[in-house]
Each structure stands twice: as C-alpha cells, then as structure tokens.
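Computed from a prediction, not measured in an experiment: that's the story for all the values here.
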Amino acid sequence: LAREPALMEATLLLARQAMHLPAESAVERIEALVAAASRPEQARALSGWLGQACHRAGRPRDALLAWRRMWTGGPAFG
C-alpha cells in the first residue's frame, strides 16, 4: 500500500479498513480517499464504500448520493 497508494486495490483496502473506525471517522476518511482518487473509476468504486459509511453514520441522504455517483459516474454514463 505504501509503495503504490494510487492502485485501485490499495485504495479499496484503505476504504475497507476505514469501515472499522467510528462511523463519522469512516465517512471523513473515505471522503478524503474519494477526493484524492487519481482516476474516475477509482472515485466511482470508493463511492460505494462512502455510501456504506454514510448509511452506518445515520446519513441516508448522503448514502443515496454516494451510491448514485457510484452507479452514474462511470464511462457508460459519460
């Protein structure tokens, strides 16, 4: 992870690890990963984790927005 933090697998592992933090801390950590994503497909995949974190934090509107970005932010949608 330290050598190649921009790899898709590395960022997804970091998001998965963040889910073990308290709910709001997980949201903050994953939002930072989304903001730092080097490729659109990376941000799209991380949006799924962000949706889960927001849902766990009791933020259903933010969860739905994140999941919408996951489903509509890909190449098939422009």
Side-chain angles (χ1 to χ4, degrees):
L1 291 174
R3 287 188 301 163
E4 296 291 340
L7 286 176
M8 175 77 82
E9 294 81 6
T11 57
L12 293 178
L13 283 173
L14 292 172
R16 184 176 176 186
Q17 180 184 31
M19 294 299 288
H20 294 283
L21 297 171
E24 284 299 326
S25 297
V27 170
E28 291 172 13
R29 177 81 53 92
I30 298 171
E31 284 177 335
L33 290 171
V34 171
S38 59
R39 297 186 316 267
E41 60 270 15
Q42 207 172 33
R44 181 181 181 194
L46 289 166
S47 290
W49 285 101
L50 179 58
Q52 289 183 43
C54 288
H55 178 71
R56 196 179 71 148
R59 295 166 51 179
R61 180 173 171 75
D62 293 333
L64 289 172
L65 290 172
W67 288 324
R68 178 180 291 173
R69 280 192 305 270
M70 179 183 71
W71 287 108
T72 60
F77 299 98

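Checked options R39, R16, Q42; the residue passing with T11 is Q42 (criterion: side-chain contact (heavy atoms from CB on, under 4.5 Å)). Each of L65, L64, V27 was checked for a side-chain contact (heavy atoms from CB on, under 4.5 Å) with C54, and the lone residue meeting it is V27.
Listed for the S25 side chain is no donor-acceptor partner under 3.5 Å among the backbone atoms of L21. Side chain of R44 to backbone of M70: a donor-acceptor contact under 3.5 angstrom is found.
Among pairs with a residue in residues 47-57, none fulfils salt bridge (charged side-chain N to carboxylate O under 4.0 Å, His left out), at least two apart in sequence or across chains.
Shortest non-hydrogen contact noted between G51 and A63 is O-CB, 3.3 Å. Annotation for A43 and A37: closest pair N-CB, 3.7 Å, computed over non-hydrogen atoms.
In this structure E28 satisfies the side-chain hydrogen bond (donor to acceptor under 3.5 Å, both in side chains) test with no other residue, sequence neighbours excluded. For L12, the side chain to side chain contact (heavy atoms under 4.5 Å, CB included) partners are M8, A45, L46, W49, not counting sequence neighbours. For R59, the side-chain hydrogen bond (donor to acceptor under 3.5 Å, both in side chains) partners at least two apart in sequence or on another chain are E24, D62. Annotation: side chain to side chain contact (heavy atoms under 4.5 Å, CB included) contacts of A66 (sequence neighbours excluded): L50, R69.
Here CD of E9 is found 12.0 Å from CG of L14. Values are rounded to the nearest 0.5 Å. Considering OG of S47 and CH2 of W71, their distance stands at 12.0 Å, rounded to 0.5 Å.
Hydrophobic clustering places V34 together with M19 (ILVMFWY residues linked when any side-chain heavy atoms are closer than 4.5 Å, directly or through intermediates).
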